[in-house]
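Reviewing the structure listed below.
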Amino acid sequence: MNILPHTYTRLANEAIRAAQAAGDLPDFTPPELEIKPSKRAEQGDYNVAVMPLAKLAKRKPLEIAEAVAKHIMAVDSVGKVEVAPPGYINFFINEDWLRAQTEQIIAEGDDLFALALGDGQRAQVEFVSANPTGPLTVGRSRGAVVGDTMARLLEAAGYSVQREYYFNNAGAQMRVLGNSLRTRYLEALGQSVEIPDKADKSKPFYHGDYLKDLGQQLAAERGDALTGEDWQPFKAYGEQYIFEMIRSSLQRIDITHDNFFNENSLYESETVWKVLADLEARGYVYRAVAAEGDEQADAPDELPADQAVATAETNGKGEAVWFRSTQFGDDKDRVMVKSSGEPTYTLPDIAYHVDKLERGFDVLINVLGADHAAQWKVVQYGLRALDQDGDKLNVILMQLVKLLRDGKEVRMSTRMGEFETLDDLVEQTSADAVRYFLLARDHNSHLNFDLDLAVKQSNENPVYYIQYAHVRCAGIFREAALRGVTDEDADLSLLGEAELRFLRKAFELGEVIELSVRNFEPHRIAFYALELANVFHPIFDGVRVLHSEVPPEVARARLRFYRAAQIVFRRTLRLMGMSSPDHM
RNA sequence: GCCCCCAUAGCUCAGUGGAUAGAGUGUCGCCCUCCGGAGGCGAAGGCCCAGGUUCGAGUCCUGGUGGGGGCACCA
């Protein structure tokens with residue numbers, strides 16, 4: 001399907017050169033102009049300002065616009081071209097052409113506006129990537145929805161997309177999980193156990209109810225067979241169970257990953273050490289007690305005694321291996337290998353992205369929470385240090401989700417067991433509502449998820465307004481079938497102004513997909529869907545099909561139009577991972 | 001203290017350097033006997049402050065103010 005502003009942009013730029021060739025404009029090297037959608041009907045459907053050319057051409061903008069407009073070639077999709085002061089060229093869509101596009105929309109069906117931007121390139125979206133320590137939180141859910149929608153849009157734009165989930169099942173977190181589950185298991189067996197206080201940070205423990213449930217399940221299945229075991233079998237059991245939980249939660253909102261990547265495999269393949277050696281060979285690594293140039297890195301004397309002890313224990317005073325990330329613009333160098341000999345998460349993180357690039361992806365997208373803002377930069381510095389194309393790595397950095405209940409913020413912590421899960425949200429609203437609400441926000445904006453509103457509002461929120469448009473289309477076809485009315489051999493020239501308004505909006509879908517993909521802004525589709533519904537409903541009110549005063553040939557044309565409209569809504573909803581109901 | 005993000009209608013938020021800044025929701029008023037009531041029409045109501053760049057700034061830059069996040073040999 002044609003992306004109109006592309007066509008118009010090409011026409012405008014060709015016209016400038018044609019005007020120069022004809023002597024209507026002086027010779028100068030013109031910058032590429034870009035046609036943009038108009039805000040008002042009298043300004044055409046798309047327009048461009050030629051003011052930037054005024055200095056180069058040494059002419060008044062209006063004269064330039066007139067000279068350019070004169071040379072714009074006639075093509076099917078352009079109705080007329082007008083010039084407006086102080087220097088705009090306004091393009092009006094050819095309405096006959098637009099009416100005829102109804103057939104094109106129907107022909108494309110579920111592949112409506114499949115673009116060739118990606119040209120078969122391989123893209124990878126990494127998202128969710130939560131370690132298996134508990135159910136998915138609301139914040140992770142936002143990343144899940146944003147990541148999956150981004151993947152759908154990339155597919156629509158012609159990329160071959162892989163959805164990946166990165167996890168670590170070996171760290172201290174997982175040991176805490178194993179120990180926590182062990183405690184719950186013993187508790188379930190009736191043994192007296194000590195549950196650490198939630199506020200006591202020196203005794204890490206996962207307090208969530210899901211581990212109580214799991215402990216009981218384990219006790220029921222295995223009796224007291226595991227009482228002699230340490231944390232490890234519990235960790236293994238918990239990990240497996242929690243991954244199942246996460247997977248099924250994601251499935252409820254129609255999200256499936258193609259690949260689960262275990263951080264540990266980077267050690268098994270020794271990629272981690274190869275990357276470190278490579279960095280060292282390139283001179284970006286040094287061994288030191290503190291970062292170079294950091295004079296007050298160790299001043300334990302100034303710390304209170306108890307903290308000084310803790311620092312000595314956890315930090316040691318030995319040499320660590322540092323990455324000279326400051327050479328790439330970082331605030332400070334980063335530790336890659338602790339003095340204990342154990343890598344920090346930064347080293348495998350860089351190795352992981354080296355691995356991704358080695359797997360041949362052309363575009364990498366990571367969906368991360370804002371708390372990882374500093375971290376991904378280090379990864380990019382690492383890639384650059386290794387002479388890899390760090391620019392292939394793109395990040396959708398989401399601001400955090402604030403959950404509101406009774407107008408108050410709900411503080412959340414997985415470890416405290418205090419959080420709303422993705423499942424909670426789905427149960428309280430619906431999968432469609434969760435997807436829409438978590439998507440319909442710019443990633444740079446904080447997202448306030450008001451639970452009361454989401455629950456209470458479910459009868460009058462945008463989700464239903466959008467889906468209702470699809471329902472209404474389906475309804476007409478049900479009724480038409482009963483009355484024996486069909487849309488075969490429709491004369492589309494009978495479509496009126498109202499239908500054209502919708503077709504114009506429908507044509508913006510291609511631009512929305514393109515902008516979403518180009519700027520990694522999947523939220524655009526959510527706002528577009530609402531705009532589309534806003535255009536649709538008033539039209540539906542007036543443009544009737546099965547009405548006694550509507551002549552049969554008009555009814556036929558309108559029915560054809562609603563078939564196309566239904567396809568646009570289904571496609572749009574599908575791109576958001578939402579259902580397209582026929583009844584409500 | 002340093003770094004990043006945000007500030008637009010009562011509330012929640014869109015807005016690609018271009019012409020007269022848009023939705024949803026809330027409030028108020030009105031409409032609909034035939035495929036709709038989870039509907040339609042209308043009204044009131046807004047770019048945090050101060051400079052700057054530009055032919056043109058909600059959008060870019062600088063400095064404030066207010067809010068969120070990050071600044072580990074944790075992940």
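Order of the sequence lines fixes the chain letters, A, B, ..., with proteins taken first and strands second; residue numbering starts at 1 for each chain. Reckoned from all heavy atoms, side chains included, excluding hydrogens, waters and symmetry mates.
Taking side-chain N and O atoms only, A:N534 has no distance below 4.0 Å to OP1 or OP2 of B:rA23. Between A:N448 and B:rC13 there is a side-chain N or O to OP1 or OP2 distance below 4.0 Å. Within the 4.0 Å cut-off from OP1 or OP2 of B:rU16, at least one side-chain nitrogen or oxygen of A:R524 is found. In this model, the phosphate group of B:rC13 is not approached by any side-chain N or O of A:H443 to a distance below 4.0 Å at OP1 or OP2. In this model, the phosphate group of B:rG18 is approached by a side-chain N or O of A:K36 to a distance below 4.0 Å at OP1 or OP2. For the OP1/OP2 pair of B:rA38 and a distance below 4.0 Å, the side-chain nitrogens and oxygens of A:N461 include no atom meeting the criterion. Taking side-chain N and O atoms only, A:K55 has a distance below 4.0 Å to OP1 or OP2 of B:rC55. Within the 4.0 Å cut-off from OP1 or OP2 of B:rA19, not a single side-chain nitrogen or oxygen of A:S38 is found. Contact annotation: A:K332 does not reach the phosphate of B:rC3 (side-chain N/O to OP1 or OP2, under 4.0 Å).
In summary, the aromatic rings of A:F540 and A:F536 are positioned with their centroids under 6.0 Å apart. The aromatic ring centres of A:H537 and A:Y465 sit less than 6.0 Å apart.
Across every non-hydrogen atom of A:F261 and A:E164, the tightest pair is CB-OE2, 3.7 Å.
With contacts defined as side-chain heavy-atom distances shorter than 4.5 Å, the pair A:F113/A:E511 does not qualify.
Looking at residues 345-353 of chain A, you'll see A:Y345 sit with a heavy atom under 4.0 Å from some atom of RNA chain B.
Ring-base stacking between A:Y88 and B:rA19 is satisfied, the centre separation being under 5.5 Å and the plane angle under 30°.
Whole-Å rounding puts the A:M398 CE to B:rC13 P distance at 16 Å. When rounded to the nearest whole Å, the span between OH of A:Y465 and P of B:rA14 equals 20 Å.
Among the atoms of the strands shown, base atoms are found under 4.0 Å from some heavy atom of A:N90. No contact: A:R478 has no heavy atom under 4.0 Å from any strand. As judged by a 4.0 angstrom heavy-atom cut-off over every strand, A:E521 is placed among residues making no nucleic acid contact. Contacts of A:L530 with the nucleic acid, taken as non-hydrogen atoms under 4.0 Å apart, involve only primed sugar atoms and P, OP1 or OP2. Among the atoms of the strands shown, base atoms are found under 4.0 Å from some heavy atom of A:I476.
For A:T344 against B:rC73, a side-chain-to-base donor-acceptor contact under 3.5 Å is absent.
Base pairing of B:rC48 is made with B:rG64, judged by Watson-Crick or G-U wobble geometry with both donor-acceptor distances under 3.5 Å.
Among B:rA38, B:rC35, B:rG18, the nucleotide with an atom closest to any side-chain atom of A:Y464 is B:rA38.
Electrostatic pairing of A:R287 and A:E280 counts as a salt bridge here, judged by a charged N lying under 4.0 Å from a carboxylate O. With respect to the salt-bridge test (charged N to carboxylate O, under 4.0 angstrom), the residues A:E549 and A:R544 do not qualify.
With its glycosidic angle within 90° of 0, B:rG36 adopts the syn conformation.
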